[in-house]
Amino acid sequence: MNYLSTRGDHSPKRFCDILLEGLAPDGGLYLPESYPQVDDATLSRWRTVYHVQGYAELAFEILSLYIDDIPADDLRAICAKTYTAEVFGTGEIVPLRHLDNGIWLEALSNGPTLAFKDMAMQLLGNLFEYELARRGEQLNILGATSGDTGSAAEYAMRGKKGVRVFMTSPAGRMSPFQQAQMFSLMDENIINIAVEGVFDDCQDMVKAVSNDLDFKRRYKIGTVNSINWARLLAQVVYYFAGYFQATETNDQKVSFTVPSGNFGNICAGHVARMMGLPIAKLVAATNENDVLDEFFKTGVYRVRASADTHETSSPSMDISKASNFERFIFDLLGRDGARVKALFGDALARSGQFDLSQHPAFNDIRLRYGFVSGKSTHANRLATIKESFEQHAMVIDPHTADGVKVAREQLQADVPMIVLETALPIKFAETIVEATGREPERPAKFDCIEALPKRVITMAADVAAIKQLIISRCA
Ligand SMILES: *Cc1c(COP(=O)(O)O)cnc(C)c1O
């Protein structure tokens, strides 16, 4: 399987070439040259694989269609090591729970950091360790986080050979639980940096370091952000696992609602659908930061300025642009790399927006690709959390609540609607208390986490200072 860039560069790359890379050299995102097609017989076989052999083996089946530069036995071992009941809490790994008439929750948040990002990041950690050992190389992952991504990356990379993580976060801005999760890690290869500033300052520092190509090469700087194809691929697996739990035969369809920010999670649903998984609708749920909802309704994609990006009570969806969105547009426009470059490279840089409302492909978004969308606000979120607690004794996190709110609007008779549960409520206790009047349940392994000793380096938003830190740790 070869990979190509959404902006037209077709120089062939294999999976392990792009594993450690971020963007393609032309600024595009990587996609496979085609989506392997899953016929009815294969779907039936995978159904049995999931139910009998388990999630890890299903992951191996799917990944091996996209990865031909890791020997099968090694890939199988990597999947088996990643998706264990010990790490993800249950044998099903992603169990389905019924909420109410036709709506199901797929649990993706029982990994080490209690958000769905663990599903992909845990695999990435093992793939990185494997590939770096094979090449005899080292990697310094430099990142910026406002919460979920940083902790998922750290828990995936802690103790891994060949990898160091330098993670910046805005000082004092993460929830106490999130700070405790990250700063209590004492592994030598995990370096937490609290930056005196806001998230954008952290991101600017990371960009400045990455743009210094000499420094980047010399100190082997890499990233683990959500545009990484391996992360997306890992997420494809749970769409299949959700389908196998919600249906008994392959002639049934299901829909998925996905609480969305950077479009990484739902883009994996798009890939699953392109492979032939019988998905009726892919529903993108946004919060007040409704870039995506606006696009799916009007055809206008309009990036928001920082001042127009709201701080909400579902903070992991507070985005100004959806960094994976380019992948879907590439498919929508018949994989025309030049056109995608004109839209994402030129039009967005010039005016911060583009308009496909008059394009012949506009109707394909819904009719051919199954995408629809909806939006949820703070009031909707609170009402949904309260309702599911009072009616069903189920406490859901604020992001998942945005999903449930929008899922109800898109429900069709006889089509199970699966809402992806993207985090556990304990990560966002303040909003849960506001909605229900009670503290959310805390998994036992996180008892008293806030009281653990913390290790974090505080610094000003200063590029020279972070470079100096990296140099000193690499010596
Ligand atoms: C990252 C995240 C999202 C958004 O996922 P995208 O892949 O960026 O669309 C939603 N909910 C939670 C809890 C998250 O951590």
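Note that the coordinates shown come from a computational prediction; the quantities given were computed from them, not determined experimentally. In each ligand, atom 1 is the first atom listed, and ligand 1 is the first ligand listed. Only heavy atoms go into these numbers, but all of them, side chains included; no hydrogens, no water, no symmetry mates.
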Review point. Parallel, tilted or perpendicular for Phe325 and Phe296, by the 30°/60° rule?
Key: perpendicular
Practice item. Determine, for Asp26 against Arg7, whether the closest basic-nitrogen to carboxylate-oxygen distance falls under 4.0 angstrom. Key: no
Point to revise | Any residue meeting side-chain contact (heavy atoms from CB on, under 4.5 Å) with Ser320, in chain and number order, not counting sequence neighbours | key: Arg304, Thr309
Review point. Asn228 side chain to Leu19 main-chain N or O, any donor-acceptor pair under 3.5 Å?
Key: yes
Check your understanding: Can you find a heavy atom in the side chain of His399 that is under 4.5 Å from one in the side chain of Lys427?
Key -> no
Could you list each nitrogen or oxygen of ligand 1 that sits under 3.5 Å from a protein nitrogen or oxygen, with the atom names and the distance?
residue, atom, partner, partner atom, Å
ligand 1, 7 (O), Gly264, N, 3.2
ligand 1, 7 (O), Asn265, N, 2.9
ligand 1, 8 (O), Asn262, N, 2.7
ligand 1, 9 (O), Gly261, N, 2.7
ligand 1, 9 (O), Asn262, N, 3.2
ligand 1, 9 (O), Phe263, N, 3.0
ligand 1, 11 (N), Thr422, OG1, 3.0
ligand 1, 15 (O), Lys117, NZ, 2.5
ligand 1, 15 (O), Asp148, OD2, 2.6

Practice item. Mark yes when over 12 heavy atoms from residues, nucleotides or ligands other than Gln412 sit less than 6.0 Å from its CD; otherwise mark no. Key: yes
